[in-house]
Structure formats: structure tokens, C-alpha cells
Amino acid sequence: MNKIIYLGKKSDLSDNLIQGETIDLGGSLLFPGVVDPHVHFRDPGLTQKENFFTGSRAAVAGGITTVCDMPNTEPPTDSLDNFNEKKKIGEAKSLVDFGLHAMLIESLEERKKLGSAGVTSFKLYPEISDDSNVLTFRDEKEIVSIHPEDPRVLGEHVDTGGDFETFLQSRPKQAEISEINKILGSAAGSHLHFCHLTARESLDLIGKENKKITCEVTPHHLLLDRSHLQEFGPIAKTYPPLRTRKDRKALLEGLEDGMIDIVATDHAPHTSEEKEKGLMEAPPGIAGIETSLPLIYTLVEKGKLSLYRLVEAMCLSPAKIFGLVNDEGIPKGALLPGADADLVALDHEQKWEIKGRDLHGKTKFTPFEGQEVSGRPFLTLVRGEIVFRDGYVTGEEGHGKFLPKKE
Ligand code: NCD
Ligand code: ZN
């Protein structure tokens with residue numbers, strides 16, 4: 001059985017509907033599988049950092065059952081051919097169901113083809129491609145995901161010595177504000193999705209609009225700030241950078257009140273050799289797919305976020321925004337009869353310490369090292385298959401299915 005057929009008391013269910021294994025969760029919490037629409041599994045071409053199997057292994061260990069992979073692989077996902085190639089890789093290696101983002105390319109013809117093939121969204125990296133694409137294109141069926149850092153502002157204000165200050169000044173929050181302003185000022189008719197917001201001012205800007213706009217926050221921008229960058233160095237280097245405690249507070253408020261739609265990890269693994277290069281040279285990115293649910297659940301445990309918002313922002317909303325549904329059109333991330341049996345059980349009473357060496361992806365380091373969290377995922381199901389149980393990944397490579405975006 002790969003779908004949820006009934007929710008309710010066992011005593012109300014006729015015996016012939018109970019088949020196979022019965023699992024007593026002993027009073028722990030059962031969530032819909034977490035949907036993470038922003039991951040970099042690095043496959044193909046950058047598999048020294050991660051691949052679809054190792055990335056999805058980390059996902060299921062963290063209670064994540066659906067992901068959407070970003071297009072900055074080698075080759076990049078910038079054509080139907082490359083898209084199909086990546087889809088094959090995912091189908092062969094993934095433990096979790098997956099969607100695929102593509103680069104925001106100029107060819108409208110290729111974009112149409114990618115749209116028909118079920119692409120999740122088109123990603124705009126303003127540092128790589130010309131954002132006038134967004135300013136001109138109007139297709140209500142397309143989602144354009146934006147990395148909001150305006151290259152014209154990056155590197156503008158650097159005036160002090162020392163790597164730490166230089167790095168932060170080289171990527172100021174003004175770059176985010178400027179890019180968001182620029183995009184909002186355009187007449188694009190497509191659904192705009194702003195990735196990994198970091199600043200209170202961004203929320204104010206987006207809040208004023210009544211266009212179809214959604215946005216996300218990462219666990220690291222919610223829970224870490226520049227003090228952690230100082231402590232952890234390159235391991236905590238990411239684009240956009242970690243900001244201040246004040247920004248964190250505003251992001252948390254935005255997440256609770258729904259101004260920020262979803263949590264997405266921006267799982268961006270790099271090798272330890274690359275991260276040893278020093279703050280300015282090391283590549284940006286934090287591997288966070290496995291720690292996301294426990295970190296956000298800990299906010300619930302501390303009374304800083306409602307359980308309702310956790311489930312909405314991590315499960316159902318990302319599925320609805322990106323059109324991730326099962327074969328009957330029922331969204332992922334939902335605990336409903338007819339939904340795929342994507343489930344995660346969390347031992348909410350367990351307090352434990354995050355340790356990089358225990359992670360299931362290729363990256364064995366984290367800027368959350370040593371943080372005590374509440375709630376440990378101990379059972380993960382993808383379409384009824386147990387893919388993670390009691391600390392062990394039990395799923396089979398290739399269990400994951402491609403999910404074409406539903407319009
Ligand atoms: C991303 C990566 O490593 O792929 N890194 C990051 O810091 N978020 C790329 C990027 O978004 O710049
Ligand atoms: Zn990213």
C-alpha cells in the first residue's frame with residue numbers, strides 16, 4: 001500500500017483493511033513527509049560533493065521525503081536534454097521523490113519544452129544570467145525562483161581589512177533589497193518565488209505587493225548569525241551570508257505569521273578540502289537537509305513557532321507552491337486519505353546533540369555542530385516504503401520518482 005487509506009482510530013477500522021506490518025509509534029509525533037524544494041544534490045558533474053543517492057540518504061534521515069534539485073550542476077540544467085539526463089540520474093539513485101528546477105534560460109522555445117517536461121521552476125542567478133529575462137517574460141504557468149542578490153551592489157562597500165568584515169561587507173543586505181526591488185518593479189506575469197530571504201526589509205517590500213509572490217527562509221538564516229560565521233568560518237559561509245540577530249528575529253516572526261511561506265534548506269554541500277581554503281576563497285554553501293526538521297521542531301518545543309506553522313511551512317505549502325502532487329493530484333506533504341504515504345515519525349521527547357560526523361550525506365561538518373535539539377526522526381516512509389528506521393537508511397536506490405510540476 002503506497003497511499004494513506006484511513007486516518008482515525010484503529011478500533012473503527014475493519015480488520016481486513018489492516019495488512020502487512022503494524023508499527024506502534026508509542027506516542028511519538030507523526031508528520032507528513034517534509035518537502036524541501038531547494039537542494040543541491042550536485043549530480044551530475046559535482047559528485048565529489050554529493051550525489052542523488054547520498055543527498056537523498058541525508059534527506060530521509062532528516063524526515064524529508066520530497067526534494068527539488070537546483071540546476072547549477074555540470075552540465076547545468078539549461079536544456080531539455082540536460083533535464084532528461086538529470087531525471088534519469090534521479091530515477092536511478094534517489095530514495096525520495098523529486099522535482100527538478102532549470103536555469104532561467106533565454107530561449108522561450110526551450111523553456112516551453114522544459115515546461116511540458118514538468119520542470120519545477122526556472123532559477124534566476126542574477127550573477128550568472130541577465131535578469132531582463134524576468135522583466136520581459138509573462139507566463140502564468142511558470143514559476144521563476146530568484147536568488148535575490150543584485151550583482152551591481154555586491155562588492156560595492158568593502159573598506160575594512162580582515163576576511164570576516166570584508167566578506168560580510170562584500171555581500172550586504174542592500175544587494176538583496178535592491179534585487180527584490182528590481183524584480184518587483186518588473187511587469188512579469190509569472191509566479192515569483194524568492195529564495196532564502198535574510199533581511200527584515202525584504203519582508204516589508206514583498207508584503208506590500210499583491211502579486212503572486214512566495215518566499216522561503218533557510219534554517220541557517222533563521223537560527224545562525226554573523227557570530228556563527230566568526231566561530232565556524234568557511235563552514236558557515238553561504239550566499240546570501242548569515243546576518244544579525246535582529247534579522248533572525250524578523251525572519252522568525254515572518255515565518256510564524258505566514259509572511260514567509262516556507263522553510264527550504266538550500267542544502268549546498270562542498271568538500272572539506274574546499275572549505276579549508278579560507279573565508280574569501282572557500283565556496284559558499286551549508287549542507288543542512290538532515291538537520292532541518294529537528295532544528296525547526298526545536299523552535300516549536302521552545303514555544304517560538306507553532307506546530308501548525310511548522311507542518312504548513314515544511315510540508316504542505318512547499319508542495320502546493322511548486323505543484324508537487326501524486327498520481328491522483330493530491331499534494332505531497334499532506335496527511336489525508338488518498339495522499340501518498342510519505343510519513344516521518346519524530347521522537348519529540350529525545351534531546352540530542354548535532355554532530356557532523358553522524359550525518360548521512362557526503363558532508364561530515366555543520367555550523368550547527370554541538371547544538372542541542374529536541375526531536376529525532378526515527379522512521380521515514382516514502383510512498384509506504386520504510387526508507388529510514390532507527391538510525392539506518394533502509395531504502396533502495398532508485399525508489400524515488402520524478403514529480404512533474406502540476407499546473
Ligand atoms: C550555492 C551552491 O553551493 O550551489 N551556494 C550557496 O551559498 N547558497 C550557490 C548559490 O546559491 O550561490
Ligand atoms: Zn541554493
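Scope of the values below: all heavy atoms of this structure, side chains included, with no hydrogens, waters or symmetry mates. Note that the numbering runs from 1 along the sequence shown for the chain. Each ligand, and each atom within it, is numbered from 1 in the order the structure gives.
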Identify the closest protein heavy atom to [atom]: which residue and atom is it, and at what distance?
{"atom": "atom 5 (N) of ligand 1", "value": "P284 O, 3.2 Å"}
{"atom": "atom 12 (O) of ligand 1", "value": "H147 CE1, 3.7 Å"}
{"atom": "atom 7 (O) of ligand 1", "value": "Y239 N, 2.8 Å"}
{"atom": "atom 9 (C) of ligand 1", "value": "N72 ND2, 3.8 Å"}

Check your understanding: Can you tell me if H270 has a non-hydrogen atom under 4.0 Å from ligand 1?
Key -> yes
Point to revise | R42 near ligand 1 by a heavy-atom separation under 4.0 Å | key: yes
Check your understanding: Near the Zn ion (ligand 2), meaning under 2.8 Å, how many protein N/O/S atoms are there?
Key -> 3
Practice item. Just say parallel, tilted or perpendicular for the rings of H38 and H196, cut-offs at 30° and 60°. Key: tilted
Would you mind listing which atoms of ligand 1 come within a distance below 4.0 Å of any non-hydrogen atom of [X]?
{"X": "Y125", "answer": "11 (O)"}
{"X": "A268", "answer": "2 (C), 3 (O)"}
{"X": "G285", "answer": "6 (C), 7 (O)"}
{"X": "D266", "answer": "8 (N)"}

Check your understanding: Any N/O of H196 closer than 3.5 Å to an N/O of ligand 1?
Key -> no
Side chains of [Y] and [X]: any donor to acceptor distance under 3.5 Å?
{"X": "T54", "Y": "E50", "value": "yes"}
{"X": "S227", "Y": "D225", "value": "yes"}
{"X": "D266", "Y": "H40", "value": "yes"}

Check your understanding: Listed by chain and number, what are the side-chain contact (heavy atoms from CB on, under 4.5 Å) partners of L359, not counting sequence neighbours?
Key -> E290, T291, T366
Review point. What pair of heavy atoms forms the shortest contact from K304 to E256, and how long is it?
Key: O-OE1, 4.5 Å
Check your understanding: Can you check side-chain hydrogen bond (donor to acceptor under 3.5 Å, both in side chains) on E142 and H191, steps first, answer last?
Key -> CA-CA 6 Å; E142 271 191 3; H191 168 169; over 6 Å; no
Check your understanding: Would you say the ring centroid of F53 lies under 6.0 angstrom from that of F41?
Key -> no
Exercise for review: Could you check M314 against L293 for side chain to side chain contact (heavy atoms under 4.5 Å, CB included), going step by step and ending with a plain yes or no?
Suggested key: CA-CA 8 Å; M314 298 188 81; L293 178 59; 4.2 Å; yes
Check your understanding: Does a sphere of radius 6.0 Å around NZ in K364 hold more than 12 heavy atoms from other residues, nucleotides or ligands, not counting ones at 6.0 Å or beyond?
Key -> yes
**Study point:** Non-hydrogen side-chain atoms of L324 and K405 separated by less than 4.5 Å
**Key:** no
